Amino acid sequence: MLCIVLQKKSYKEIAEDSGVSIKTIAYRIQQATKLLRKDLADLLTTIIVCIMSIVR
C-alpha cells in the first residue's frame with residue numbers, strides 16, 4: 001500500500017517487483033484497507049471515550 005501512496009506505483013509495477021500477480025496485489029491492498037479502516041474506527045472510538053471522560 002505504501003508503494004502506491006508514496007511511490008505512486010501501479011498495481012502492475014508492484015506485482016512485477018514482488019513477483020506476484022496483479023490480483024494478489026489487489027487482494028492484499030483490499031485486506032490492508034479493511035484492517036486500516038478497523039484500526040482507525042477503534043482509534044476514533046477510543047478518542048471519543050477519552051474526550052467524553054474529560055468533558056464530564
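Nothing here was measured: the structure is a model prediction, and the numbers come from that model. FYI, the numbering just counts along the sequence from 1.
- Residues satisfying the side-chain contact (heavy atoms from CB on, under 4.5 Å) criterion with L35, sequence neighbours excluded, are absent altogether.
- For K23, the salt bridge (charged side-chain N to carboxylate O under 4.0 Å, His left out) test picks out no residue, with sequence neighbours left out.
- Residues K8 and E13 approach most closely at O-OE1, 4.2 Å, considering heavy atoms.
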Exercise answer: donor-acceptor pairs, residues 24-31 side-chain atoms, under 3.5 Å, sequence neighbours excluded:
{"unit_1": "T24", "atom_1": "OG1", "unit_2": "S21", "atom_2": "OG", "d": "3.0"}

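- Looking at S53, its side chain does come within 3.5 Å of a backbone N or O of C50 through a donor-acceptor pair.
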Identify every side-chain donor-acceptor pair in residues 40-49 under 3.5 Å, counting partners at least two apart or on other chains, and give the distances.
{"unit_1": "D42", "atom_1": "OD2", "unit_2": "K38", "atom_2": "NZ", "d": "2.7"}
{"unit_1": "T45", "atom_1": "OG1", "unit_2": "A41", "atom_2": "O", "d": "3.0"}
{"unit_1": "T46", "atom_1": "OG1", "unit_2": "D42", "atom_2": "O", "d": "3.0"}

